[in-house]
Protein chains: 2
Amino acid sequence: MSEQQTSRRERKKAATRQAIANTALSMFLERGYDAVGIREVAQAADVAVTTVFAHFPSKEALVFDRDQGLQDRLVQAVTGRGARWSAAEALRDELHAMVHDLTGEQSVAFWRLVDSSEDLREYETRMWQRHADALAVAIAADRGHTEPVTTDKALARYALGVFPLARDAPDPAAAVDEIMDLVAAAWAAAR
Amino acid sequence: MSEQQTSRRERKKAATRQAIANTALSMFLERGYDAVGIREVAQAADVAVTTVFAHFPSKEALVFDRDQGLQDRLVQAVTGRGARWSAAEALRDELHAMVHDLTGEQSVAFWRLVDSSEDLREYETRMWQRHADALAVAIAADRGHTEPVTTDKALARYALGVFPLARDAPDPAAAVDEIMDLVAAAWAAAR
DNA sequence: ACGATAACGCTAACGGTTAGGAATTTGCAA
DNA sequence: TTGCAAATTCCTAACCGTTAGCGTTATCGT
């Protein structure tokens, strides 16, 4: 998959990054996001505060460590689908799978943590928006545009609006279908 | 419209609030948002820093002073429309008017200021989301729900996604129609 | 081995924000 | 008018995320 050539330097850097993120997440889960300061995280991970910010752009990013993978999955679903399915169908399938993953048993504590903090909820919103911008490029290509027009951007945002809404909904899978029905209708109308 | 009974206390409080917001906005426009600190604003408005935060929950809120009116317009457009138009049509008209206002000649400097700051752009996003939550209630009522279901919330968000997108678009009015076509199609599909 | 560079550390600060508590103003009734 | 409660403002001192400046250590290529 993503086997990079790893020099010792890169391996150590990655290890430090992971150690920081792991330490931070377990502290947040145990004592609450707001109750744990960056200085404490740094001390517990045995690094300097400046080192924390050398690896992560903000405190919130410590929690959403590995979110690049989500973006890759989304873009891949549209660009790498078989010719048998439409982009909207492929996206629906992928969103179902992702929502299933993100609402799974072992993620409950994580999302409870996110819900507990205004900052983290905001960061999540921005994260999906970032991913939506990447998805918009894939959708634009699918619809024959070299760069995203307003409609492409709108469709990408609508689809990714699933996550915040599905997490609130009593039946997440049903919410995905509900929303993707709307998106499919909008998509069909955009010709 | 909104003529509240104003005691002297309330009048003075409102005056202080306005004075702070006006001072802050003109300073931001003149010297840039990031270059002006809260302590400076307080000093220029001749109040204490704590007084600023007694009237506004954050620095960004100083800029988007009167945003409650926008929410009122949106909700009013749906709930107070004549029986002749559908909710989607009424909303499209109102959004056209609002985008026209917000892109008008005298608003150019204001939005240039917003665009200049990451914090302000984020705050704007959150603002529209707040308003979308209120609009979702009106849409839910229109569609016969006592409280918003997933689809209602989604439609409200889709419609209010107009603003960030329209401001980027070369032809804002056309962008409104583009997006409201999508929303109308989604709305029609949601039955 | 050695110079270049990346990673890390330390200190001190900046800027938004808040707690604590005093001082002042307003509303209202005696 | 006087007195009292509530609302508003003020001041000080901090807290916390974040960054700049600069020195130290580890790793890489040669």
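The chains referred to below are lettered A, B, ... by the order of the sequence lines, with proteins before strands, and numbering in each begins at 1.
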* **Closest approach of A:V183 to A:L155 (non-hydrogen atoms, all atoms of both residues)** => O-CD2, 4.2 Å

* Asked: What pair of heavy atoms forms the shortest contact from B:R92 to B:D181, and how long is it?
  -> NH2-OD1, 2.9 Å

Once you round it to whole Å, what is the distance between [atom2] of [N] and [atom1] of [X]?
X      : N      : atom1 : atom2 : result
B:I20  : D:dT8  : CD1   : C1'   : 11 Å
B:F53  : D:dT12 : CZ    : C1'   : 16 Å
B:E118 : D:dT18 : CD    : P     : 13 Å
A:D119 : D:dG17 : CG    : C1'   : 10 Å
B:D46  : D:dT9  : CG    : C1'   : 11 Å
B:Q43  : D:dC11 : CD    : C1'   : 14 Å
A:K13  : C:dC8  : NZ    : C1'   : 11 Å
B:R11  : C:dT25 : CZ    : C1'   : 14 Å

* In residues 30-40 of chain A, which residues come under 4.0 Å of DNA chain D by heavy atom? -> A:V36, A:G37, A:I38, A:R39

* Is the side chain of B:R167 donor-acceptor paired with the backbone N or O of B:P164 at a distance under 3.5 Å, no angle test? -> no

* Asked: Any donor and acceptor pair, going by atom type alone, linking the side chain of B:D152 with main-chain N or O of B:V149 inside 3.5 Å?
  -> yes

* Asked: When you look at NE2 of B:H145, are more than 12 heavy atoms from neighbouring residues, nucleotides or ligands closer to it than 6.0 Å?
  -> yes

Of the nucleotides [options], which has the atom closest to the [X] side chain?
X     : options                : result
A:R9  : D:dT9, C:dT17, C:dA6   : C:dA6
B:K12 : C:dT26, D:dT9, C:dT11  : C:dT26
B:E60 : C:dT17, C:dC10, D:dC10 : C:dT17
A:A48 : C:dG20, D:dT9, C:dC10  : C:dC10
A:T51 : D:dC10, C:dT25, C:dC8  : C:dC8

* Asked: According to a strict under-4.0 Å criterion, is A:S58 in side-chain N/O contact with OP1 or OP2 of D:dG17?
  -> no

* A:H55 side chain near C:dA7 phosphate (N/O to OP1/OP2, under 4.0 Å) -> no

* Asked: Taking N and O atoms by type only, does the side chain of A:T50 place a donor or acceptor under 3.5 Å from a partner on the base of C:dC10?
  -> yes

* Check if the side chain of B:R8 and the base of C:dT25 share a donor-acceptor pair of N or O atoms closer than 3.5 Å. => no

* **Student check: side-chain heavy atoms of A:F110 and A:F64 closer than 4.5 Å** => yes

* Only counting residues at least two apart or in another chain, list the ones meeting side chain to side chain donor-acceptor pair (under 3.5 Å) with B:E94. => B:R73

* Can you name the side chain to side chain donor-acceptor pair (under 3.5 Å) partners of B:T151, sequence neighbours left out? -> A:E178

* Contact class for A:V47 vs. all strands (heavy atom < 4.0 Å): base, sugar-phosphate, or nothing? -> sugar-phosphate

